[in-house]
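Below is one structure, written out as structure tokens; comments come after it.
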Amino acid sequence: MDFEVLSIASGALSDHVTDTLLLLVPADQARWTLPQALQAELRQAVDAGDLSLKTGQSLCLHRPAGIAAQRLVLSVAASAQAQAQQAAFAVGLALIKTSGPGTRTLSVAWGGDEPVVASAWAETLVKAVSAAVYVYRHTKPSATPAPRLTRVELLGSAAQVSELQTGVRQGKAIAAGIELAREWANRPGNHATPTHLAEQAIALGQAFKKLKVEVLDTEALAELGMGSFLAVAQGSDQPPKFIVLNYQGSTKKVAPLVLVGKGVTFDSGGISIKPSAEMDEMKFDMGGAASVLGTFRALAELQPKINVVGLIPACENLPSGRAVKPGDVVTSMSGTTIEILNTDAEGRLILCDALTYAERFKPAAVVDIATLTGACVIALGHHHSGLFSADEALATALQSAGESALDTAWRMPLDEVYDDGLKSNFADIANVGPRAGGSITAAMFLKRFTGAYRWAHLDIAGTAWKSGAAKGATGRPVGLLTHFVLAEAQALAARKST
Ligand code: BES
Ligand code: MN
Ligand code: ZN
């Protein structure tokens, strides 16, 4: 897909030759800034009752009078804010899919007097277009092909051009990362094994010069003493893989950020087996891992001046004669013994060893990303990811990264009062606590392994995929993570220059 920024006087919008002009307009008509012909078309549509000036409304007009575009798609936006524009893009693009599938060139403009932040506007648009044209085909080659769209023009004033270009560049990189994350999370368990994930990571390492990738196998993991991770993996015939990605954008002496992604390529629950209904969705249980791969894909393209390490423990959680059993006690890499009371609380068991492994990088901060608990879905639904951290600055940084990327996280509690639940008579710690507050005790479990550095945990159980008719991965939180890393890189640069 080609994204092109064009400078165009707003009076010339109606003369712009294109297949489809997607025009976002404010709900308040007093705030329209449109050339005569467009204003007339819009007014007619409103007066005729074909378009109501409410957020989320849209209309497609074919060969509108006095307008050079073949089609005019009007989409009403609540305001110039990125979130409102995003919603209007999505509605407009959905309408183009059905009413203008022949569109090859799409031109997009904002017709309101309240100014948009051009870079954010462009980034949001690029992400929206990429999301709209993505089609999963890996195991369904017969899927309706993506629309014929090959070129998207962002129309703005001359003063906006450079900001729009910045946004396009960032949007393209993040969109590529989101698409990679969606694609891998969507692939079924038999097409996205730990070995497949490792191969994809290695391929990324080969494609980008600043990215080095290493994969540790069972033997190396045993050598490291990752008894907790290996306990989860032992029930499956698929060998576990521990993927280490290293993006070096700064000098070696700069402490890296470490991103740890849960990579359970299928979670049956193990001996504590899950009910059958919707168990297929547990192929998405490597959404954290997919988001780490996607973030590295974006970073490799954007090349920020910062170092980032990615750690992905990848395995299946299956029942078998060799599977770990409730009551088994295992020794983690940290030396802490763990009583596995429920084999379905496997995410924390693979993450704790990865978190211990992270210590060797003397990280500036560690963020883990995991589809960790059903309880988090109950708490937050599907809008915000759960954010857990005892570090105020880190929590704030992640929260604002989520806001600027329109990939939000909501802060959850993480104080010692929740620690009691994990007591065991047979080990240093149990892997499950009481049902109530389940996402918090899960985070408290992880916290035990993070004493050596600043740490935050993102529970993406409710945000990594959609269920029902629109079943599929979302690619979240690639946007949040990429914005976080970029902001940290900027902070590093600011510190250096003072
Ligand atoms: N992968 C699941 C969490 C999950 C469940 C995410 C449903 C999204 C939807 C995780 O491994 C799990 O099974 N967690 C258990 C923990 C419990 C046994 C303490 C859960 O949430 O039920
Ligand atoms: Mn589980
Ligand atoms: Zn799981």
Side-chain angles (χ1 to χ4, degrees), residues 185 189 192 194 197 228-229 231-236 238 240 260-291 312-319 323-328 338-354 368-386 388 412 418 421-424 429-446 457-468 471-474 476-477:
L197 282 189
S228 187
F229 176 28
V232 175
Q234 77 193 29
S236 168
Q238 289 293 338
V260 182
K262 172 180 172 182
V264 175
T265 59
F266 187 74
D267 179 13
S268 71
I271 297 297
S272 312
I273 199 161
K274 289 178 180 295
S276 302
E278 281 147 40
M279 203 207 269
D280 66 288
E281 295 191 6
M282 283 299 117
K283 71 169 183 177
F284 295 119
D285 209 19
M286 33 61 75
S291 77
I312 297 176
C315 68
E316 291 186 328
N317 184 24
L318 293 181
V324 74
K325 305 173 294 298
D328 282 3
I338 304 167
E339 184 184 16
I340 301 180
L341 289 172
N342 188 322
T343 65
D344 197 11
E346 86 296 342
R348 60 199 82 179
L349 296 174
I350 74 171
L351 290 170
C352 70
D353 281 342
D368 77 74
I369 309 98
T371 49
L372 202 62
T373 64
C376 192
V377 190
I378 302 301
L380 297 176
H382 303 285
H383 298 288
H384 308 292
S385 301
F388 302 78
M412 298 281 283
Y418 290 95
L422 297 170
K423 288 205 171 105
S424 162
I429 186 173
N431 81 323
V432 290
R435 231 169 88 84
S439 69
I440 309 165
T441 36
M444 289 306 289
F445 179 96
L446 296 177
H457 157 62
L458 289 168
D459 193 331
I460 58 166
T463 52
W465 75 89
K466 289 182 176 153
S467 308
K471 191 189 287 182
T474 61
R476 292 180 68 180

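Throughout, residue positions are numbered sequentially from 1 according to the sequence presented. This is a predicted model, so every value here is computed, not measured. Order of listing sets the numbers, starting from 1, for every ligand and every atom in it.
The shell of residues lying under 4.0 angstrom from ligand 1, judged by heavy atoms, includes Trp465. By the 4.0 Å heavy-atom criterion, Lys262 is counted among the residues contacting ligand 1.
Inspection of the Glu281 and Ser467 side chains reveals an N or O donor paired with an N or O acceptor under 3.5 Å.
At a cut-off of 2.8 Å, Lys262 coordinates the Zn ion (ligand 3) through an N, O or S atom.
Scanning both residues, Ala430 and Leu341, for their nearest heavy atoms gives CB-CD1, 3.7 Å. Considering every non-hydrogen atom in both Ser228 and Cys352, the closest pair reads OG-SG, 3.5 Å. Here the shortest heavy-atom pairing between Asn342 and Asn431 reads O-ND2, 2.8 Å. Of all the heavy atoms in Glu316 and Pro194, the pair that sits closest is N-CG, 4.3 Å. The two residues Ser439 and Asp459 come nearest to each other via the heavy atoms CB-OD2, 4.1 Å. Heavy atoms only, all atoms of each residue included: Ala370 and Lys262 are closest at CB-CB, 3.6 Å.
Asp267 has its closest N, O or S atom to the Zn ion (ligand 3) at the position named OD2. Nearest N/O/S atom of Glu346 relative to the Zn ion (ligand 3): this is OE2. Restricting Glu346 to its N/O/S atoms, the shortest distance to the Mn ion (ligand 2) is reached by OE1. The closest approach of Asp285 to the Zn ion (ligand 3), by N/O/S atoms, is made by OD2. The N, O or S atom of Asp267 with the smallest distance to the Mn ion (ligand 2) is OD2.
If you check which protein heavy atom lies closest to atom 2 (C) of ligand 1, you get Asp267 OD2, 3.6 Å. In this structure, the protein non-hydrogen atom closest to atom 16 (C) of ligand 1 is Arg348 NH2, 3.8 Å.
Atoms of ligand 1 found under 4.0 Å from any heavy atom of Val432, numbered from 1 in the order shown, are 19 (C). Interface atoms of ligand 1 facing Ala461, defined by a heavy-atom separation under 4.0 Å, are 6 (C), 8 (C). Against a heavy-atom cut-off of under 4.0 Å, Gly374 is close to the following atoms of ligand 1: 3 (C), 4 (C), 5 (C), 20 (C), 21 (O).
The backbone N or O of Gly269 lies less than 3.5 Å from no partner atom in the side chain of Ser272, so there is not a single donor-acceptor pair. Under the 3.5 Å distance criterion, the side-chain polar atoms of Ser291 are matched with a main-chain donor or acceptor of Gly288.
Distances from atom 14 (N) of ligand 1 to the heavy atoms of Leu372, Thr463, Asp285 show the closest one on Leu372. Evaluated by nearest non-hydrogen atom to atom 9 (C) of ligand 1, the leading choice among Glu346, Met282, Met279 is Met282. Proximity annotation for atom 15 (C) of ligand 1: of Asp344, Thr371, Val264, Asn342, Asp344 comes nearest, heavy atoms only.
In Lys274, the part holding a heavy atom less than 4.0 Å from any atom of ligand 1 is the side chain. Under 4.0 angstrom from ligand 1, there are no non-hydrogen atoms of Glu278.
The shortest side-chain heavy-atom distance between Ser268 and Met282 does not fall under the 4.5 Å cut-off. Side-chain contact between Phe284 and Lys466: absent, with no pair of heavy atoms (C-beta onward) separated by less than 4.5 Å. Two residues are said to be in side-chain contact when any heavy atoms from C-beta on lie closer than 4.5 Å; Thr343 and Pro326 meet this criterion.
Checking atom 21 (O) of ligand 1 against the protein gives a heavy-atom contact under 4.0 Å.
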